> 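Dropping the structure in here first, questions after.
Since we're looking at a predicted model, the values are computed, not measured. FYI, side chains are in, hydrogens and waters are out, and symmetry mates aren't considered; it's all heavy atoms of this structure. Chain identifiers are assigned alphabetically (A, B, ...) following the order of the sequence lines, protein sequences preceding nucleic acid strands; residue numbering begins at 1 within each chain.
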6 protein chains.
Amino acid sequence: MRNDQREVNELRTVTIETDYVKHPEGSVLISFGDTKVICNASIEDRVPPFLRGQGKGWITAEYAMLPRATESRNIRESSKGKVSGRTMEIQRLIGRSLRAVVDLDKIGERTIWVDCDVIQADGGTRTASITGAFVAVVLALGKLVNKKSMKELPITDYLTAISVGVLPDGKEVLDLCYEEDSRAEVDMNVIMTGKGEFVELQGTGEEATFSMQQLQKMLSLADEGVQELIKLQEEAIGEWADVIRAKAGAAKA
Amino acid sequence: MRNDQREVNELRTVTIETDYVKHPEGSVLISFGDTKVICNASIEDRVPPFLRGQGKGWITAEYAMLPRATESRNIRESSKGKVSGRTMEIQRLIGRSLRAVVDLDKIGERTIWVDCDVIQADGGTRTASITGAFVAVVLALGKLVNKKSMKELPITDYLTAISVGVLPDGKEVLDLCYEEDSRAEVDMNVIMTGKGEFVELQGTGEEATFSMQQLQKMLSLADEGVQELIKLQEEAIGEWADVIRAKAGAAKA
Amino acid sequence: MRNDQREVNELRTVTIETDYVKHPEGSVLISFGDTKVICNASIEDRVPPFLRGQGKGWITAEYAMLPRATESRNIRESSKGKVSGRTMEIQRLIGRSLRAVVDLDKIGERTIWVDCDVIQADGGTRTASITGAFVAVVLALGKLVNKKSMKELPITDYLTAISVGVLPDGKEVLDLCYEEDSRAEVDMNVIMTGKGEFVELQGTGEEATFSMQQLQKMLSLADEGVQELIKLQEEAIGEWADVIRAKAGAAKA
Amino acid sequence: MRNDQREVNELRTVTIETDYVKHPEGSVLISFGDTKVICNASIEDRVPPFLRGQGKGWITAEYAMLPRATESRNIRESSKGKVSGRTMEIQRLIGRSLRAVVDLDKIGERTIWVDCDVIQADGGTRTASITGAFVAVVLALGKLVNKKSMKELPITDYLTAISVGVLPDGKEVLDLCYEEDSRAEVDMNVIMTGKGEFVELQGTGEEATFSMQQLQKMLSLADEGVQELIKLQEEAIGEWADVIRAKAGAAKA
Amino acid sequence: MRNDQREVNELRTVTIETDYVKHPEGSVLISFGDTKVICNASIEDRVPPFLRGQGKGWITAEYAMLPRATESRNIRESSKGKVSGRTMEIQRLIGRSLRAVVDLDKIGERTIWVDCDVIQADGGTRTASITGAFVAVVLALGKLVNKKSMKELPITDYLTAISVGVLPDGKEVLDLCYEEDSRAEVDMNVIMTGKGEFVELQGTGEEATFSMQQLQKMLSLADEGVQELIKLQEEAIGEWADVIRAKAGAAKA
Amino acid sequence: MRNDQREVNELRTVTIETDYVKHPEGSVLISFGDTKVICNASIEDRVPPFLRGQGKGWITAEYAMLPRATESRNIRESSKGKVSGRTMEIQRLIGRSLRAVVDLDKIGERTIWVDCDVIQADGGTRTASITGAFVAVVLALGKLVNKKSMKELPITDYLTAISVGVLPDGKEVLDLCYEEDSRAEVDMNVIMTGKGEFVELQGTGEEATFSMQQLQKMLSLADEGVQELIKLQEEAIGEWADVIRAKAGAAKA
């Protein structure tokens with residue numbers, strides 16, 4: 001039994017509230033239990049210098065935590081004057097993952113800025129960010145389609161992320177809360193499409209290692225979690241759900 | 001008539017939601033119409049170097065906006081590697097104002113960190129921050145009193161802030177929204193105590209000036225607004241309202 | 001009696017030496033007692049990006065202190081690699097104040113850079129900076145008029161700044177020196193035009209508050225001081241004094 | 001056939017030259033074909049603040065490339081004044097991986113600084129860095145054992161890293177050179193112990209995805225590569241090879 | 001004939017005004033023609049970490065120019081957030097030179113901070129800074145001797161700096177003004193003691209070279225200039241002149 | 001006798017290995033005893049802004065040390081976020097020296113980036129850098145000539161640098177190793193052309209001084225060393241040696 005009574009393959013309560021902030025083209029408040037992240041997607045009508053003139057778009061992400069999103073207060077990165085390695089790693093991961101399911105050739109010379117701001121943290125902030133950011137991006141691009149600024153929704157499949165890990169008792173579990181995450185021997189973030197393909201896989205045994213068999217079990221738990229999350233994303237994006245399912249073709253289920 | 005039909009002396013709808021984030025000692029989400037600010041107060045058991053060994057405490061504040069709190073996206077200050085002059089001005093103002101109503105000699109060698117994070121902006125973010133931060137600080141210190149870590153609530157009076165200004169038509173108005181603020185010829189932030197004394201007064205005529213008569217009118221509007229805001233603060237702090245009223249002694253009203 | 005025997009409404013000895021440094025278009029050494037500030041105005045033939053192509057000009061100010069302008073040495077801001085919040089606040093105030101009396105539409109696509117460098121500090125450096133900077137800007141723009149690069153002097157009125165405050169004994173005083181400033185309960189900077197209108201008002205009760213009555217008294221002292229300072233500015237700008245008086249129309253006196 | 005005629009499961013020529021630089025406690029020049037990295041391990045007799053007084057050690061890594069290690073010159077990170085996200089990601093990965101096979105409790109209050117400086121790059125610099133850094137760390141710690149400053153070699157197993165990937169033709173390959181890496185649809189870094197357990201797994205499909213079947217194939221190629229690399233590490237560490245084999249217990253082969 | 005009619009071995013008018021700023025222990029305004037530098041020496045009662053506990057002192061220097069010290073305005077280094085290479089070179093040179101004539105063992109665990117701030121520049125700012133800084137340091141240390149905080153003046157000899165160079169017509173000249181300096185083929189800064197020994201020699205042929213014969217001529221001109229400068233330093237330091245002459249023993253002349 | 005048995009006028013073993021790294025246009029590993037520096041020259045087809053449109057080229061240099069090039073580990077400058085004053089001084093010196101022997105008018109609108117990275121340090125790293133950089137630049141420019149991108153080699157003479165100094169026993173010596181350098185009373189870097197003219201001369205007596213006679217002796221030792229170094233440079237540049245000799249005209253010897 002886990003400290004919050006969940007089964008090993010049980011997600012925390014996940015909710016996705018859309019149109020959370022009024023200015024962004026796409027805005028979502030996603031919660032995985034006590035982890036709460038505001039995911040805003042902004043559309044800018046130009047691309048970074050390395051892409052100019054190619055008729056292609058770009059997606060870039062930024063991630064931050066409010067100083068008191070955590071148990072003890074963290075110094076604000078703007079005060080320190082630099083972004084930590086952890087933050088950089090996470091925002092690179094979010095951007096890279098989203099680029100795998102958005103057809104950059106079809107968004108024109110636009111940049112989608114994704115801002116993931118954690119207002120309360122309890123483990124799994126990076127996977128919650130990706131799962132919420134996908135919804136924010138769909139809503140933002142959907143608005144462009146509705147305004148006829150774009151011909152069709154340039155999304156090729158769902159994108160969902162979840163954490164899995166191995167607890168000190170050797171048990172593989174899905175969706176670790178902070179208490180579990182801080183004790184876990186192995187921590188893995190799995191980012192998958194609706195078809196069940198991997199977009200990114202990051203498994204880490206900090207001061208520990210893991211076997212092929214443990215890897216298999218973790219991936220299987222992740223797959224279960226991802227199916228549930230996609231259902232929640234479908235509800236959140238409403239009218240666009242069928243469009244993406246159709247695009248993604250023969251979905252796994 | 002103002003663009004949102006308000007009277008010149010009418011506040012926007014103001015709400016104060018307490019315990020908004022779970023980790024901080026005091027946490028508030030304050031809204032002035034579409035302006036929404038998370039105000040978190042954290043207690044740290046040590047003081048900055050210049051105060052060590054004096055048995056005295058300190059209050060310091062930080063202010064930030066989510067990149068897409070505004071109509072168009074702002075570059076994150078952590079990415080720029082430095083905090084803007086505007087941000088510095090605001091966070092210094094918040095800290096200074098709070099220090100006027102907290103008895104620093106009575107909080108012991110502790111620092112109260114106040115974080116004001118604007119998640120949606122529509123004018124008046126600095127005054128909303130101060131008004132909300134006061135509540136967060138009371139809740140945080142109240143917790144210490146309840147836990148017997150502090151003998152009594154070291155708050156000497158209410159603290160409330162509101163903006164007033166002069167519109168291009170020469171009309172003085174209370175609580176400017178962004179649309180008004182961007183057109184206003186004079187912009188003044190008034191920070192007052194429950195007794196109606198000034199803590200801070202900042203009036204600016206960007207590319208304009210104002211007369212003594214206009215100043216009087218603006219201060220009178222501010223006074224009206226402050227009385228209403230104090231009532232909302234009283235509701236938010238519940239059990240501590242009477243304590244503060246008593247301490248502040250003969251209140252203005 | 002004040003510690004330097006001045007009356008409550010008495011300025012320190014104020015002098016304005018023009019053409020202090022040879023390279024700038026306008027250069028002034030202003031002294032308020034032992035406070036000495038070099039104010040240089042430089043004209044650059046282009047504007048910041050946000051104003052390009054609008055046929056309009058800009059004024060921006062920078063403020064600094066020599067490390068040993070003060071009793072104990074301050075670390076140089078260039079060595080720290082960042083400008084302090086106090087410096088930012090002051091330089092934003094200087095720029096904003098000057099923009100209130102310079103007709104930016106008439107200076108063309110030019111930037112006026114104002115540099116206020118405190119070589120010796122004894123309280124009131126920001127108000128001395130503004131008072132001196134006004135003279136430097138008039139001299140710099142006057143040179144353009146004399147060279148026929150500009151049709152007329154684009155100055156709409158005088159600009160003068162002075163500090164007032166409340167000492168611990170409850171006495172309101174004009175033009176605080178450092179010793180008074182460090183003890184004062186209330187500190188207010190008043191920036192006024194020749195017509196006696198306010199450009200900026202910043203009153204602060206650090207760990208204290210002030211009443212409406214105290215505010216009135218301080219503003220009245222400030223008004224007295226401003227009238228004297230304008231006379232000194234008139235002498236310093238020589239040929240341009242009448243031009244500005246005329247422009248400002250019916251002056252207060 | 002690959003562009004350099006290698007089989008899909010064939011490593012480039014790998015060499016490990018020990019005692020490359022004279023000052024560091026452990027120093028190695030490792031080459032994977034044209035990729036050349038200097039890996040230096042330095043022992044410092046203190047630990048970072050968060051570990052002080054715990055009788056435990058730490059390993060931290062830094063990674064950099066000479067500006068002209070690559071085809072076109074990169075701006076030096078010291079000139080830019082900040083370390084890129086890519087660099088941070090890599091140095092965090094190197095440190096974390098090494099900490100999985102060094103018994104930090106047994107190295108005492110010491111920090112092992114690992115510096116990986118790429119002098120020539122042709123793909124796989126991060127995996128070469130880890131593979132070489134392991135050897136440098138063993139040599140540095142071995143020196144302490146030989147000097148009797150440490151009782152036994154605090155290494156629990158071999159540590160080796162290799163890249164695998166999927167080329168555009170769908171072929172899985174081992175040890176990608178730069179030309180392959182820049183074309184690859186999937187790029188995976190596998191860090192393994194001598195026993196064949198995973199320390200870290202990072203698979204990325206930049207603008208692409210990969211299936212469970214492809215993952216299996218890549219992991220199997222990685223396993224083959226790792227076995228060969230361990231043999232080269234054994235030769236490089238000489239006297240310490242048997243010690244580590246013994247410690248790691250029943251090795252996979 | 002030079003552009004300002006000086007002979008090749010003729011200094012510009014040099015003046016040294018002492019007690020220029022009131023707070024520093026030693027303060028000097030030195031002018032070499034239109035080059036004007038404020039040199040302040042501050043005594044701090046502690047040393048940098050690398051010297052603590054050795055009973056020895058330190059001298060460190062900082063150099064800066066007001067933005068409009070020059071013909072066109074320079075961006076302030078505090079705004080750029082970093083100190084330029086040129087500034088670093090100059091401040092290292094000033095500190096190193098002063099350390100050659102101050103007996104660091106005799107000043108106790110104190111740091112002498114020397115601040116050289118150029119308020120108007122016309123060539124030779126670094127040599128003027130050194131020549132003025134020496135006077136400021138003597139005055140500051142002299143005050144300590146007079147207050148009995150130090151037994152004797154810990155200065156071993158005079159320290160003077162001057163520039164020499166080769167103009168495009170091949171003529172060697174002393175004390176180049178800006179106009180000459182910008183045209184010069186060779187530029188040399190000579191820092192000498194009262195005994196005529198070299199403390200520092202920096203000769204540079206930017207896009208040019210110089211022969212041994214030219215070197216000899218330049219050094220001979222420098223020697224002439226230095227003798228004159230020492231006389232001016234002697235007048236400026238008054239009571240301390242004989243003390244230093246005595247210490248320096250048999251002076252050259 | 002010196003600590004490594006060398007005569008006062010004896011260089012350490014100097015070797016120059018060309019084509020050390022494969023990507024740069026010119027690449028050299030130069031060793032002066034245990035001092036080893038990689039010197040890479042890169043050609044970029046554009047110039048810095050201040051030179052654009054003048055048909056002229058530029059040479060700029062960067063210098064760095066691997067953290068463990070020295071006896072104890074230095075913090076990486078990229079981690080500190082800024083380049084030290086020492087590094088700036090050295091890289092400015094390298095660039096300036098090279099510009100004295102390269103005809104910038106003849107290289108067209110190109111920038112030559114010279115990177116000197118010290119992988120092992122034992123004194124004299126800046127002079128080794130210049131001596132090696134010259135060879136790298138000749139090789140890089142020679143490649144352009146061979147590819148017909150440039151009509152002739154735009155080098156006007158050899159460029160060589162060597163250190164000389166005065167040891168505590170008063171002995172002048174050539175080419176100081178680290179042990180000597182750290183004890184030396186005077187340290188001088190001499191940069192000379194093949195014709196025996198000075199390009200740069202930097203003599204420093206840190207906490208000491210030197211006489212004209214000592215200067216003469218040091219310059220004479222430097223001249224001896226330079227002649228030997230030029231021979232090694234000639235061997236390294238092969239086919240280009242005669243071209244440069246011819247250009248430099250009647251060489252000294």
Side-chain angles (χ1 to χ4, degrees), chain A residues 56 59 62 81-93 95-105 156-157 159 166 185-216 218-220 222-223 248 252, chain D residues 56 58-59 81-93 95-105 156-157 159 166 185-216 218-220 222-223 248 252:
Chain A
K56 228 185 122 164
I59 300 179
E62 292 192 349
K82 62 178 173 181
V83 166
S84 74
R86 179 185 174 274
T87 294
M88 283 211 183
E89 237 175 73
I90 295 175
Q91 54 198 21
R92 283 160 57 89
L93 173 64
R96 214 160 54 218
S97 299
L98 288 166
R99 290 194 295 271
V101 296
V102 175
D103 189 335
L104 298 175
D105 291 320
T156 59
D157 201 348
L159 179 80
V166 182
E185 302 215 318
V186 181
D187 180 25
M188 177 168 280
N189 294 297
V190 183
I191 295 126
M192 292 180 83
T193 62
K195 276 200 291 294
E197 298 235 307
F198 299 109
V199 168
E200 187 99 20
L201 206 62
Q202 295 197 336
T204 299
E206 169 90 34
E207 302 181 29
T209 60
F210 55 103
S211 67
M212 176 61 90
Q213 199 182 350
Q214 289 176 309
L215 172 62
Q216 308 282 21
M218 287 190 283
L219 294 179
S220 153
D223 191 63
K252 205 184 179 186
Chain D
K56 227 185 121 163
W58 189 244
I59 300 180
K82 63 178 173 180
V83 166
S84 73
R86 178 185 174 274
T87 295
M88 283 212 184
E89 236 175 73
I90 295 175
Q91 55 198 23
R92 283 160 57 88
L93 174 64
R96 214 161 54 220
S97 299
L98 289 166
R99 288 193 296 270
V101 295
V102 176
D103 190 334
L104 299 174
D105 290 319
T156 58
D157 200 348
L159 179 80
V166 182
E185 301 214 319
V186 182
D187 179 25
M188 177 169 278
N189 294 297
V190 183
I191 295 126
M192 292 179 85
T193 62
K195 276 200 291 295
E197 299 235 305
F198 299 109
V199 168
E200 186 98 22
L201 206 62
Q202 295 196 337
T204 298
E206 170 89 34
E207 302 180 28
T209 60
F210 56 103
S211 66
M212 177 61 90
Q213 198 181 353
Q214 289 177 310
L215 173 62
Q216 307 283 22
M218 287 190 283
L219 294 179
S220 153
D223 191 64
K252 203 183 181 187

> Can you say whether M188(A) sits under 4.5 Å from chain D via the side chain, the backbone, both, or neither, judging by heavy atoms?
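The answer is the side chain of M188(A).
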> Between M88(A) and V83(D), what is the shortest heavy-atom contact and its length?
CE-O, 3.9 Å
> Could you check which of Q216(D), E89(D), Q202(D) has the highest count of heavy-atom pairs closer than 4.5 Å to chain A?
E89(D)
> Sort S97(A) into side chain, backbone, both or neither according to what part of it lies under 4.5 angstrom from a heavy atom of chain D.
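It is neither, since no heavy atom gets under 4.5 Å.
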> Heavy-atom distance under 4.5 Å between the side chains of D157(A) and T209(D), does that happen here?
no
> Sort I191(A) into side chain, backbone, both or neither according to what part of it lies under 4.5 angstrom from a heavy atom of chain D.
neither
> Using non-hydrogen atoms only, which part of T193(A) is less than 4.5 Å away from chain D: side chain, backbone, both, or neither?
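T193(A) touches chain D through side-chain heavy atoms alone.
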> Is Q214(A) in contact with chain D via its backbone, its side chain, both, or neither, using a 4.5 Å heavy-atom distance?
neither
> Taking all non-hydrogen atoms of both residues into account, name the closest pair between S211(D) and E197(A) and its distance.
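Scanning both residues, the minimum pair turns out to be CB-OE2, 3.3 Å.
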> Given that the side chain runs from C-beta out, which part of L93(A) has a heavy atom under 4.5 Å from chain D: side chain, backbone, both or neither?
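Neither part.
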> At a 4.5 Å cut-off on heavy atoms, which part of R99(A) comes close to chain D: side chain, backbone, both, or neither?
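It is both, since atoms from each part get that close.
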> Which one of V199(D), N189(D), T87(D) has the most heavy-atom pairs closer than 4.5 Å to chain A?
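The candidate making the most pairs under 4.5 Å is V199(D).
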> Please classify the contact of V102(A) with chain D as side chain, backbone, both or neither, using a heavy-atom distance under 4.5 Å.
neither
> Measuring from atom CE of M192(A) to atom CZ of F210(D), what distance do you get when rounded to the nearest 0.5 angstrom?
9.5 Å
> If you take all heavy atoms of A100(A) and A208(D), which pair is closest and at what distance?
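Smallest heavy-atom distance, with atoms named: CB-O, 4.0 Å.
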> What part of L98(A) gets within 4.5 angstrom of chain D, counting heavy atoms only: side chain, backbone, both, or neither?
neither
